[in-house]
S.K.: 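Okay, handing you the structure first.
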Amino acid sequence: MLGLAIVAVPPHYTLQDCSVCGTRVKKSLSTATHTCHECGTVMHRDHNATSTARRKSCIQKSKVKSIMEWAF
Ligand SMILES: [Zn+2]
């Protein structure tokens with residue numbers, strides 16, 4: 001066993017959710033900049049989406065760990 005975990009992150013809202021505070025910021029596909037009205041974060045839309053996906057995968061990894069501990 002290589003110890004490699006592959007975590008699938010549902011793509012829903014990764015473009016819209018703020019990677020810092022989680023607030024959903026609706027934006028059109030033509031909007032290139034993520035600007036959060038809650039925490040003031042301003043970054044490129046793609047950078048925000050990547051950070052949001054990474055954050056969600058960390059949450060899911062903890063769920064996987066607790067499931068594995070329960071199963072074994
Ligand atoms: Zn925010």
Side-chain angles (χ1 to χ4, degrees):
M1 186 165 191
L2 298 174
L4 176 66
I6 297 173
V7 178
V9 177
H12 311 298
Y13 304 117
T14 52
L15 275 177
Q16 296 182 11
D17 289 356
C18 177
S19 61
V20 176
C21 70
T23 299
R24 186 148 299 152
V25 182
K26 292 192 174 183
K27 58 182 81 70
S28 68
L29 287 175
S30 62
T31 305
T33 304
H34 168 79
T35 305
C36 181
H37 55 85
E38 283 295 316
C39 68
T41 297
V42 178
M43 67 176 71
H44 192 276
R45 180 188 69 186
D46 294 343
H47 184 197
N48 179 66
T50 304
S51 298
T52 300
R54 187 178 304 132
R55 187 168 59 88
K56 288 184 177 182
S57 73
C58 289
I59 292 169
Q60 290 190 352
K61 275 189 222 172
S62 66
K63 286 183 186 174
V64 169
K65 186 177 181 216
S66 62
I67 291 170
M68 293 295 277
E69 287 172 350
W70 176 79
F72 296 103

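Order of appearance sets the numbers: ligands from 1, and atoms from 1 within every ligand. Residue numbers run from 1 in the order of the sequence given.
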S.K.: May I ask you to decide whether Asp17 forms a salt bridge with Arg55, counting only side-chain N to carboxylate O separations under 4.0 Å?
M.R.: no
S.K.: Looking only at non-hydrogen atoms, find the nearest pair between Cys18 and Thr52 and report the distance.
M.R.: C-OG1, 4.0 Å
S.K.: Assess whether side-chain contact (heavy atoms from CB on, under 4.5 Å) is satisfied between Lys27 and Thr35, documenting all intermediate values.
M.R.: CA-CA 9 Å; Lys27 58 182 81 70; Thr35 305; over 6 Å; no
S.K.: Please report the closest heavy-atom contact between Val25 and His34, naming both atoms and the distance.
M.R.: CG2-CE1, 3.8 Å
S.K.: Count up the protein N, O or S atoms sitting under 2.8 Å from the Zn ion (ligand 1), would you?
M.R.: 4
S.K.: Once you round to the nearest 0.5 Å, how far does OG of Ser28 lie from CD of Gln16?
M.R.: 10.0 Å
S.K.: What side-chain donor-acceptor pairs closer than 3.5 Å can you find for residues 38-47, not counting sequence neighbours?
M.R.:
{"unit_1": "His44", "atom_1": "ND1", "unit_2": "Asp46", "atom_2": "N", "d": "3.0"}
{"unit_1": "Arg45", "atom_1": "NH1", "unit_2": "Leu29", "atom_2": "O", "d": "2.4"}
{"unit_1": "Arg45", "atom_1": "NH1", "unit_2": "Thr31", "atom_2": "O", "d": "3.4"}

